[in-house]
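Below: one structure, written as structure tokens.
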Amino acid sequence: MTIKRVGIVGSGIMGAGIAEVSAKAGCEVVLRSRKQESADAMVAGLERSLAKQVEKGRLEDAERNAVLGRVKAVTELGELSECDLVLESIVEDLPTKLELFAELDGACGDDAILATNTSTLSVAALAGATKRPEKVCGIHFFNPAPVMTVVEVVRADQSSDATIAAARGFAEACGKDVVDVRDQAGFIVNALLFPYLNNAVKLLASGAATRDDIDTAMKGGCNFPMGPLELLDLVGLDTSLSIIEALHAAFGDANYEPAPMLAELVAAGKLGRKSGAGFYDYAKK
Ligand code: 3HC
């Protein structure tokens, strides 16, 4: 099965990035957000991102217009009925995702694949909320989706070979290297990355080093593009906290116990770049 029309549900950073790579890959993209303003804001963000690429001479004007012409912003789930693949990227909360999967099952055509961009939640549980469990899998993009080169394709026990092959084909058409992983919390990247990020917060809270020195050390000492505290701000502290909590719940390892400072920042509304402040301050535009 070749994916020609993709539905994206969720208007956060990941939804917007996945919409961009899908439209650039030649897919028709239907962006669904509960509010028309959020759906329109995603299209406006896509316009800005493509305009930057035109300015840099990396994209022709005509191609930019063609990409934008393939994207439609909607509010009704029913508008996803013609999609070959629907990829959800909503809040990391199992009950909310279960409800959405049950609704998508009713709204989408019988052959459509329903995929999740979850980082840690059970793909099998989401498959169980539908009458098409063999057509459910994980397609996990990384932030920022237009830049990061890998996608994890997650196979739940119920996922069919045809579903996995179609998901792989879609991610490859988006220009990504695909890695396969079974359905377990954190998959590959987050299972390895988030204990490190969590420990960076614990190190900061212990007073052993400053924020700037922790980030400088990991950039210069390991050649990472960003320090751990900058990266937490990019991913979002609320998202990061739920990932660490899910890893802790799944593996019970004391090392995965969330850093109290992370929970305190989230409780104070400091969510990282998206809220204007996290470990660093970001001037609001
Ligand atoms: N959208 C599109 N393009 C973007 C972008 C975005 N949001 N952010 C950066 N870029 C592009 C820039 O246009 C630039 O392209 P060019 O070199 O072709 O002109 C290139 O990326 C580099 O950007 P900058 O020069 O502005 O900045 P940096 O060189 O500092 O790179 C970065 C920024 C790509 C974010 C880099 O710091 C990086 O790779 N950081 C690590 C990110 C990471 O680890 N992500 C994974 C997080 S975990 C995750 O996503 C899992 C999830 O489940 C939580």
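One is the number of the first residue; the rest follow in order along the sequence. In each ligand, atom 1 is the first atom listed, and ligand 1 is the first ligand listed.
With salt bridges taken as basic N to acidic carboxylate O contacts below 4.0 Å, one links Glu172 and Arg168. Between Glu257 and Lys202 there is no salt bridge, since no side-chain N of the basic residue sits under 4.0 Å from a carboxylate O of the acidic one. Contact check on Arg70 versus Glu63 returns a salt bridge, with a Lys/Arg side-chain nitrogen under 4.0 Å from an Asp/Glu carboxylate oxygen.
Using a 3.5 Å distance cut-off with no hydrogens or angles, the side chains of Asn199 and Tyr256 do not pair a donor with an acceptor. One side chain, Gln53 or Glu20, offers a donor N or O that lies under 3.5 Å from an acceptor on the other. Side-chain polar atoms of Thr163 and Glu134 form no donor-acceptor pair below 3.5 angstrom. Between the side chains of Thr116 and Glu88, at least one donor N or O lies within less than 3.5 Å of an accepting N or O.
Counting only heavy atoms, the protein gets under 4.0 Å from atom 37 (O) of ligand 1. Contact annotation for atom 24 (P) of ligand 1: protein absent (non-hydrogen atoms, distance under 4.0 Å). Within the 4.0 angstrom cut-off, atom 33 (C) of ligand 1 has no protein heavy-atom neighbours. Of the protein's heavy atoms, none falls inside 4.0 Å of atom 28 (P) of ligand 1. The protein reaches atom 43 (C) of ligand 1 closely, with a heavy atom under 4.0 angstrom from it.
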Check step by step if salt bridge (Lys or Arg N to Asp or Glu O under 4.0 Å) holds for Glu230 and Lys219. CA-CA 11 Å; Glu230 284 177 290; Lys219 282 189 274 193; 3.1 Å; yes
So Asp238 and Lys274, salt bridge (Lys or Arg N to Asp or Glu O under 4.0 Å) or not? Walk me through it. CA-CA 10 Å; Asp238 50 344; Lys274 64 185 168 187; 2.9 Å; yes
Salt bridge (Lys or Arg N to Asp or Glu O under 4.0 Å) between Asp161 and Arg155, worked out: CA-CA 9 Å; Asp161 289 346; Arg155 180 189 282 267; 3.0 Å; yes
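The shell of residues lying under 4.0 angstrom from ligand 1, judged by heavy atoms, excludes Ile13.
At the shortest separation from atom 1 (N) of ligand 1 among protein heavy atoms lies Pro146 CG, 3.8 Å. Looking only at heavy atoms of the protein, atom 3 (N) of ligand 1 is closest to Val147 CG2, 3.4 Å. Nearest protein neighbour of atom 50 (O) of ligand 1, counting heavy atoms only, is Asn143 N, 2.8 Å. Nearest protein heavy-atom neighbour of atom 54 (C) of ligand 1: Val235 CG1, 3.5 Å. Closest to atom 49 (C) of ligand 1, if we only count protein heavy atoms, is Phe142 CD2, 3.5 Å.
Interface atoms of ligand 1 facing Ser119, defined by a heavy-atom separation under 4.0 Å, are 53 (O). Less than 4.0 angstrom separates some heavy atom of Leu193 from each of these atoms of ligand 1: 48 (S). Numbered from 1 in the order shown, with element, the atoms of ligand 1 that lie under 4.0 Å from a heavy atom of Met226 read 37 (O), 40 (N), 41 (C). Proximity to Ile243 (heavy-atom distance under 4.0 Å) selects the following atoms of ligand 1: 54 (C).
Of the listed residues (Ser240, Gly186, Pro144, Pro225), the one carrying the non-hydrogen atom nearest atom 7 (N) of ligand 1 is Pro144. Taking each of His140, Glu92, Lys56 in turn, the one with a heavy atom nearest to atom 13 (O) of ligand 1 proves to be Lys56.
For Thr239, no heavy-atom contact with ligand 1 is shorter than 4.0 Å. When heavy-atom distances to ligand 1 are checked against a 4.0 Å cut-off, Leu231 comes that close only through its side chain, counted from C-beta outward.
Contact of the Asp215 side chain with the Met218 side chain is not registered, since no non-hydrogen atoms from C-beta on lie closer than 4.5 Å. You'll find the side chain of Arg211 reaches within 4.5 Å of the side chain of Tyr280, heavy atoms only. Between Pro258 and Leu262, every side-chain heavy-atom pair lies at or beyond the 4.5 Å cut-off.
The shortest N or O to N or O distance between Glu20 and ligand 1 is not under 3.5 Å. When only interatomic distances are considered, the shortest N/O to N/O separation between Arg58 and ligand 1 falls below 3.5 Å.
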